2 protein chains.
Amino acid sequence: MKSYGQLCAVARALDIVGDRWTMLVIRELLIQGPLRFGELQGGLPGVATNLLTQRLRELEEHGVLVRESVRRSSGSTMYRLTERGEALEGVIRELLKWGAPTVSEAPAESIFQMHWLSQPARYLLKDHRPQEPASTIRFGNFDDGFDLTASDGNIEVRPCSRDAQLRAVVSGPRQVLVGLLQGAIDLAAAIACGVEVQGESAALIRVLPQTGTPSSADQDNSLPSR
Amino acid sequence: MKSYGQLCAVARALDIVGDRWTMLVIRELLIQGPLRFGELQGGLPGVATNLLTQRLRELEEHGVLVRESVRRSSGSTMYRLTERGEALEGVIRELLKWGAPTVSEAPAESIFQMHWLSQPARYLLKDHRPQEPASTIRFGNFDDGFDLTASDGNIEVRPCSRDAQLRAVVSGPRQVLVGLLQGAIDLAAAIACGVEVQGESAALIRVLPQTGTPSSADQDNSLPSR
DNA sequence: CTGGATCCGGGAAGATACTG
DNA sequence: CAGTATCTTCCCGGATCCAG
């Protein structure tokens with residue numbers, strides 16, 4: 001898009017990352033790590049291929065990402081954020097903190113992908129039992145989800161890993177999961193709305209926001225030995 | 001613009017503030033406080049009136065700002081950020097932190113307005129002499145500038161005030177001021193490049209980033225009793 | 001004179017078909 | 001799979017016009 005032509009740091013940033021789809025490309029690469037063209041397209045439903053190409057070229061020119069030819073077998077190219085690109089994490093974080101309250105107002109036909117919840121989870125969830133041993137939960141499934149680890153009071157999120165030691169696997173309807181992570185509803189209500197927790201629900205409770213009313217879900221049911 | 005149609009906090013935020021010019025409208029209102037249509041237009045060189053109208057309507061619909069009819073004399077309307085709108089400060093802050101290094105790469109013919117430096121000043125400058133009494137500096141002039149106060153280790157910026165007690169007034173060429181505030185050049189170099197400091201230059205040095213080489217400007221010349 | 005609304009040309013975005 | 005080419009649609013930008 002055309003430059004704003006202003007000698008201002010905000011305008012300069014928007015000259016580079018202010019175009020339509022651009023920040024969502026950054027989001028995908030921040031969440032999922034290096035991706036191929038098709039994978040990127042999959043996380044950006046509705047983007048035209050020519051437009052995605054154009055955005056990737058522009059971001060490459062500005063040093064936000066790099067094209068990497070994978071040498072194995074054929075020349076499949078990967079897109080990877082540079083250090084400069086990863087520095088956009090702060091912008092993404094502030095955008096999602098601001099946008100989170102409006103997710104519930106999204107058009108009903110909105111598309112949902114579980115991995116989009118990984119950054120909100122990182123910022124909205126906390127490890128409420130720091131003294132307990134590290135514990136990893138999977139949200140969603142391997143094809144679209146993320147692994148969240150609570151340890152020493154910290155929360156980390158990563159793309160799903162084959163060899164993660166999972167204490168629990170969480171899945172369910174889109175809107176309910178969003179509300180659960182934001183603390184808008186508690187676990188008992190979420191389960192009533194169709195959320196399924198396989199494994200130790202205590203591992204999930206450990207990181208969920210505390211909702212106002214200490215519900216029956218708090219003392220929980222069992223810790224099945226896994 | 002069209003919604004991304006994604007159940008994702010980042011996409012939802014961009015649905016609201018991702019359109020062209022929108023974040024710059026927010027920037028103006030954050031920096032300058034409530035403004036009239038024409039004042040807004042003045043801080044957004046190149047925006048078409050119809051487009052500005054449209055953006056203001058959209059932001060009003062989303063509860064980011066409110067139109068206020070000033071009852072005095074004729075019906076001049078003011079635009080003021082709501083609490084929700086002011087919550088975008090974090091997004092602006094992260095954008096400017098990311099964009100600051102690229103300001104020097106801006107097109108040569110870029111427009112400059114002094115008040116655009118006020119937010120960078122707020123985040124890039126520090127009060128290095130917290131024990132000294134509060135001290136206010138004006139950057140630019142009353143028509144386009146801002147007042148910066150250092151006190152108790154904190155930095156505050158405000159639109160220019162008629163009754164501010166000024167220790168110093170700083171002006172000079174655009175690019176040099178940008179470099180000075182970012183610590184890319186030191187005060188001695190800035191003065192050599194045309195920056196003028198009227199009053200106590202010590203008041204300016206108190207808040208400037210420390211450049212690598214402790215230059216002659218550091219021990220400074222005098223503190224004229226004012 | 002400020003605060004807009006209307007009109008229109010050019011260009012960016014969206015959809016889809018096509019190719020190495 | 002990773003784009004390119006093409007066409008349509010819609011938004012942006014600039015000028016002009018209108019109302020209080």
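Nothing here was measured: the structure is a model prediction, and the numbers come from that model. The chains referred to below are lettered A, B, ... by the order of the sequence lines, with proteins before strands, and numbering in each begins at 1.
Regarding contacts with the backbone of dG14(D), a side-chain N or O of K2(A) is found under 4.0 angstrom from either OP1 or OP2. For the pair T77(A) and dG3(D), the criterion of a side-chain N or O lying under 4.0 Å from OP1 or OP2 is met. Between R20(A) and dG14(C), a side-chain N or O to OP1/OP2 separation shorter than 4.0 Å is present. Taking only side-chain nitrogens and oxygens, Y4(A) never comes nearer than 4.0 Å to OP1 or OP2 of dC12(D). Applying the 4.0 Å criterion to OP1 and OP2 of dG3(D), one finds that R67(A) has a side-chain N or O inside that range.
For L51(A) and dT9(D), the CG to P distance is 18 Å, given to the nearest whole Å. Atoms OH (Y79(B)) and P (dT2(C)) sit 15 Å apart, rounded to a whole Å. In this structure, R55(B) places its CZ atom 8 Å from C1' of dC12(D), rounding to the nearest Å. Distance F37(A) CZ to dG20(C) C1': 15 Å, rounded to the nearest Å.
Sorted by residue number, the list of members of residues 5-15 of chain B with any non-hydrogen atom under 4.0 Å from DNA chain C is empty.
In this structure, L44(A) and Y4(B) have side chains that are not in contact, with every pair of non-hydrogen atoms separated by 4.5 Å or more.
W98(B) carries R84(A) over the face of its six-membered ring, with the cationic atom under 6.0 Å from the centre and within 45° of the normal.
At a cut-off of 3.5 angstrom, counting only N and O atoms as typed in the model, there is no donor on one side facing an acceptor on the other between the side-chain of N50(A) and the base of dG3(D). No donor-acceptor contact under 3.5 Å links the side chain of T53(B) to the base of dA5(C).
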